[in-house]
Amino acid sequence: MVLPAGDHELVQIVDAALADVVHRAGSQLACRPGCTQCCHGAFSIHALDVARLREGMATLGRDQPALAADLESRARAWLAKHGPNFPGDPQTGILGQSLEDQARFDDFANDAPCPALDPATGLCDVYAWRPMTCRVFGPPTRPEPEGPIGCCDLCFIEATDDEIAACEMPVPHQLEQRLLQQVGPSGETVVAFALLP
């Protein structure tokens with residue numbers, strides 16, 4: 001799975017949009033290093049996120065092999081603990097698409113820390129390559145282009161709807177979808193599978 005060259009542009013756009021929201025939101029945005037509520041519980045990632053994470057693991061394997069080995073070890077431990085209840089194919093890591101699998105995923109590993117989360121520091125060890133879900137979680141966004149605005153429960157606690165809307169972070173859904181088509185259809189998975197070779 002090769003990461004499309006355009007992913008660099010996608011990451012730059014999203015990171016610039018996040019920096020702008022941080023400036024506009026000020027203290028209303030609770031997201032800070034060490035705040036890890038959003039790093040607990042399994043969530044699905046698509047093939048573009050997988051390709052980015054695997055590129056990150058390859059980079060860490062060259063530049064920081066001990067960290068890469070630790071991440072693989074955490075991913076294997078995560079799968080050993082939660083894999084038996086994985087609502088999909090445990091060999092490929094692809095999540096199931098049936099209604100039963102989707103219902104099981106709603107209750108899957110809800111309190112488990114992400115294997116990329118360093119338990120000692122509370123920081124993400126693959127931060128530069130993190131999935132889009134992680135990049136846009138916290139500030140007000142529209143997960144679907146025409147959907148409602150949502151944000152982290154810890155952010156904008158006393159803000160009005162207008163104040164939240166004024167800090168909306170635009171998400172380049174169309175660019176992300178074009179890049180995802182370049183990667184090709186391979187189904188969704190979870191971070192633990194993406195961290196393994």
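We're numbering straight along the sequence, starting at 1.
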[atom1] ([X]) with more than 12 external heavy atoms under 6.0 Å:
{"X": "D106", "atom1": "CG", "answer": "yes"}
{"X": "D161", "atom1": "CG", "answer": "no"}
{"X": "N110", "atom1": "CG", "answer": "yes"}

Quick one, [X] and [Y] - any side-chain contact, counting heavy atoms below 4.5 Å?
{"X": "H82", "Y": "V190", "value": "no"}
{"X": "E9", "Y": "P172", "value": "no"}
{"X": "L3", "Y": "H8", "value": "no"}
{"X": "V136", "Y": "M169", "value": "yes"}
{"X": "F43", "Y": "C134", "value": "yes"}
{"X": "R142", "Y": "V171", "value": "no"}
{"X": "T189", "Y": "S44", "value": "no"}
{"X": "E168", "Y": "T141", "value": "no"}

Determine, step by step, whether H46 and E176 satisfy the side chain to side chain donor-acceptor pair (under 3.5 Å) criterion, reporting the C-alpha distance in whole Å, the side-chain angles of both residues, the deciding distance to 0.1 Å, and the verdict. CA-CA 10 Å; H46 53 53; E176 184 179 19; 2.8 Å; yes
Minimum heavy-atom separation for [X] to [Y], with atom names?
{"X": "C31", "Y": "G138", "answer": "SG-CA, 3.7 Å"}
{"X": "P143", "Y": "H173", "answer": "O-CE1, 3.2 Å"}
{"X": "L123", "Y": "G34", "answer": "CD2-N, 3.9 Å"}
{"X": "P139", "Y": "L18", "answer": "CG-CD1, 3.8 Å"}
{"X": "L71", "Y": "V126", "answer": "CD1-CG1, 3.8 Å"}
{"X": "A17", "Y": "P170", "answer": "CB-O, 3.9 Å"}

Measure the [atom1]-[atom2] distance between [X] and [Y] for me, rounded to the nearest 0.5 Å.
{"X": "L180", "Y": "S186", "atom1": "CG", "atom2": "OG", "result": "8.0 Å"}
{"X": "C39", "Y": "D118", "atom1": "SG", "atom2": "CG", "result": "11.0 Å"}
{"X": "I149", "Y": "I164", "atom1": "CD1", "atom2": "CD1", "result": "8.0 Å"}
{"X": "R76", "Y": "R74", "atom1": "CZ", "atom2": "CZ", "result": "13.5 Å"}
{"X": "L195", "Y": "E72", "atom1": "CG", "atom2": "CD", "result": "8.5 Å"}
{"X": "L99", "Y": "R104", "atom1": "CG", "atom2": "CZ", "result": "13.0 Å"}

Please check this pair: side chain of [X] against backbone of [Y], looking for a donor-acceptor N/O pair closer than 3.5 Å.
{"X": "R135", "Y": "D15", "value": "no"}
{"X": "H23", "Y": "A19", "value": "no"}
{"X": "Q177", "Y": "Q174", "value": "no"}
{"X": "W78", "Y": "S73", "value": "no"}

Which is it for M57 and L196 under the side chain to side chain contact (heavy atoms under 4.5 Å, CB included) test, yes or no, and what are the steps along the way? CA-CA 8 Å; M57 289 298 289; L196 297 174; over 6 Å; no
Dump the intermediate steps for side chain to side chain contact (heavy atoms under 4.5 Å, CB included) on C152 and C38, then the final yes or no. CA-CA 8 Å; C152 171; C38 61; 6.0 Å; no
State whether R130 and D49 are salt-bridged, where the test is any N-O pair (Lys NZ or Arg NE/NH1/NH2 against Asp/Glu carboxylate O) under 4.0 Å.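 Salt bridge: no.
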Could you please spell out the steps behind the side chain to side chain contact (heavy atoms under 4.5 Å, CB included) verdict for I13 and L10? CA-CA 5 Å; I13 291 169; L10 175 66; 5.6 Å; no
Ring centroid separation F105 to F86 under 6.0 Å: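 They do not qualify: ring centres at least 6.0 Å apart.
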Is it the case that one hydrophobic cluster holds both [X] and [Y], taking links as side-chain heavy atoms less than 4.5 Å apart, direct or via other members?
{"X": "V191", "Y": "I94", "value": "no"}
{"X": "F193", "Y": "L53", "value": "no"}
{"X": "V11", "Y": "V50", "value": "yes"}
{"X": "I45", "Y": "L117", "value": "no"}

Testing the 3.5 Å rule here: is there a donor-acceptor pair between the side chains of D101 and S98?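 There is such a pair between these side chains.
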Tell me, with the steps shown, if V14 and M132 meet side chain to side chain contact (heavy atoms under 4.5 Å, CB included). CA-CA 8 Å; V14 172; M132 278 297 136; 3.8 Å; yes
